[in-house]
Amino acid sequence: MEQVRTGDVRNRSAVQEFILEGFPAVRHLGSVFFLVHLLAYLASIMGNTLIITVTWADRRLQIPMYSFLSSFSFCECCFITTVIPKLLTIFLSGRQTISFAACFTQAFVFLFLGAAVFFLMAVLSLDRYLAICKPLHYPTIMNPRMCFLLVTACLALGFLLMVVPVIMLSQSSFCGPNVIPHFFCDFGPLTNLSCSDTTSVERLFFGLAFFVLFTSLIITIIAYSNIVVTVVHLPSAKERQKAFSTCSSHLIVLSLMYGSCVFIYVKPKQTNGLNSNREAALVNTVVTPLLNPVIYTLRNKQVHQALRDALSKVKLQK
């Protein structure tokens with residue numbers, strides 16, 4: 001019995017670090033991809049930081065919708081920073097090593113913030129539903145205390161739902177090989193490298209991922225369906241066109257996020273299709289974070305006015 005335990009410990013500690021493979025097929029274009037993704041990363045960070053700064057600097061924007069948007073932007077900044085810097089290093093060096101602890105920390109933070117972002121999107125949809133369909137009750141329901149509770153609930157749910165499967169997977173044996181066919185430590189590739197039977201962990205993760213995506217998607221669909229019904233009955237054609245334009249932009253981003261996440265995570269066996277997961281993951285980590293600031297806020301006239309006022313103040317001070 002003692003020998004078996006010793007062997008288990010040896011197996012568990014056999015892999016001290018992992019190697020992130022990245023995109024070997026385009027390794028010769030590493031410098032080009034590095035520049036493209038660096039620009040996309042900087043644009044995403046600047047766009048989301050601008051949203052947070054303007055929201056807190058301008059009193060006119062200190063309303064529930066922009067409070068949720070600034071929380072959403074903060075999570076987006078943290079979410080992409082968990083992954084993109086490592087991706088940029090991979091484009092320059094070809095491969096990148098990451099310690100065992102750092103790998104599972106990255107996997108947890110990525111999944112935790114990803115789940116929180118989906119819940120926040122559902123809250124944003126619910127907020128727009130109340131503002132458009134229940135305008136008289138909106139100020140009473142969406143008070144500062146409720147906004148704080150909703151944001152806290154999104155973060156707490158994301159944390160609680162993702163911490164268990166990641167810890168369970170980290171306790172399994174990793175005895176080699178240690179090459180992850182991905183550009184970050186995602187759940188599926190890690191289960192594929194485990195020497196233990198990960199069936200129960202994969203089933204748990206599948207159920208939790210399905211719950212996160214399905215719950216937030218249903219809330220979003222119901223909210224936008226009611227918004228569309230309300231917008232159709234607006235008397236002005238110009239108002240209807242404006243509302244549908246905004247909704248269509250939001251739905252494009254939502255389709256990209258939900259489509260890519262369903263493709264990657266909502267499947268009982270996480271080891272299937274790992275190569276195609278890399279391309280789908282780029283949508284979540286590069287494309288949508290770049291589009292979100294433009295879609296959700298920077299096209300907004302209130303934000304434009306706040307930015308113009310801020311620039312005017314800067315010019316006057318000079």
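- The closest side-chain heavy-atom distance from Leu193 to Asn178 is not below 4.5 Å.
- Among all heavy-atom pairs drawn from Met162 and Phe112, the shortest one is CG-N, 3.9 Å.
- Phe148 belongs to no hydrophobic cluster, as no Ile, Leu, Val, Met, Phe, Trp or Tyr side chain comes under 4.5 Å of its own.
- Grouping the Ile, Leu, Val, Met, Phe, Trp and Tyr side chains by contacts below 4.5 angstrom, directly or via other members, places Ile63 with Leu50.
- Checked against the 6.0 Å centroid criterion, the rings of Phe108 and Phe159 qualify as a close aromatic pair.
- Pairing each heavy atom of Ser125 with each of Ile227, the nearest pair is O-CD1, 4.3 Å.
- Cluster note: Met46 groups with no other residue, as no ILVMFWY side-chain heavy atom lies under 4.5 Å from it.
- The number of heavy-atom neighbours closer than 6.0 Å to NE2 of His137, taken from other residues, nucleotides and ligands shown, is 12 or below.
- For the residue pair Met168 and Leu204, the shortest heavy atom distance occurs at SD-CD2, 3.6 Å.
- Evaluation of the disulfide bond (SG atoms under 2.5 Å apart) test over residues 28-84, restricted to residues two or more places apart or in two chains, returns none.
- Between Phe23 and Phe33, the ring centre distance reaches or exceeds 6.0 Å.
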Atom pairs and distances, donor-acceptor, side-chain atoms in residues 85-93, under 3.5 Å, two or more places apart:
residue	atom	partner	partner atom	Å
Lys86	NZ	Thr97	O	3.4
Thr89	OG1	Pro85	O	3.0
Ser93	OG	Thr89	O	2.8
Ser93	OG	Arg95	O	2.7
Ser93	OG	Gln96	OE1	3.4

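- In this structure Ser70 satisfies the side chain to side chain contact (heavy atoms under 4.5 Å, CB included) test together with Ile52, Thr55, Trp56, sequence neighbours excluded.
- Legend: residues meeting side chain to side chain contact (heavy atoms under 4.5 Å, CB included) with Leu150, ordered by chain and number and at least two apart, are Phe68, Val123, Met142, Met146.
- Contact annotation: the side chain of Tyr66 never approaches that of Ile51 to less than 4.5 Å [non-hydrogen atoms, C-beta and beyond].
- Taking a 4.5 Å side-chain heavy-atom cut-off between Ile, Leu, Val, Met, Phe, Trp and Tyr, the cluster of Ile19 extends to Val179.
- Under the 6.0 Å cut-off for aromatic ring centres, Tyr129 and Tyr224 do not qualify, their centroids lying 6.0 Å or more apart.
- Ile141 and Leu149 end up in different hydrophobic clusters when Ile, Leu, Val, Met, Phe, Trp and Tyr side chains are linked at under 4.5 Å.
- Using a 30° and 60° split on the angle between ring planes, Phe18 and Phe174 fall in the perpendicular class, above 60°.
- Judged as a side chain to side chain contact (heavy atoms under 4.5 Å, CB included), and not counting sequence neighbours, the contacts of Leu290 are Ala40, Ala43, Ser44.
- Partners of Ile218 by side chain to side chain contact (heavy atoms under 4.5 Å, CB included), not counting sequence neighbours, listed by chain and number: Phe214, Ile222.
- The disulfide bond (SG atoms under 2.5 Å apart) analysis of residues 83-128, with sequence neighbours excluded, yields the pairs Cys103-Cys185.
- Tyr138 meets the side-chain hydrogen bond (donor to acceptor under 3.5 Å, both in side chains) test with Asp127; sequence neighbours excluded.
- Across Phe184, Tyr41, Phe110, a single residue satisfies ring pair (Phe, Tyr, Trp, His ring centres under 6.0 Å) together with Phe79, and that is Phe110.
- For Thr49, the side-chain hydrogen bond (donor to acceptor under 3.5 Å, both in side chains) test picks out no residue, with sequence neighbours left out.
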What do the steps show when you test Gln106 against Ile98 for side chain to side chain contact (heavy atoms under 4.5 Å, CB included), and what is the final call? CA-CA 10 Å; Gln106 184 189 53; Ile98 183 170; 4.1 Å; yes

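- Closest non-hydrogen pair, Ser196 versus Ser172, comes out as OG-CB, 3.6 Å.
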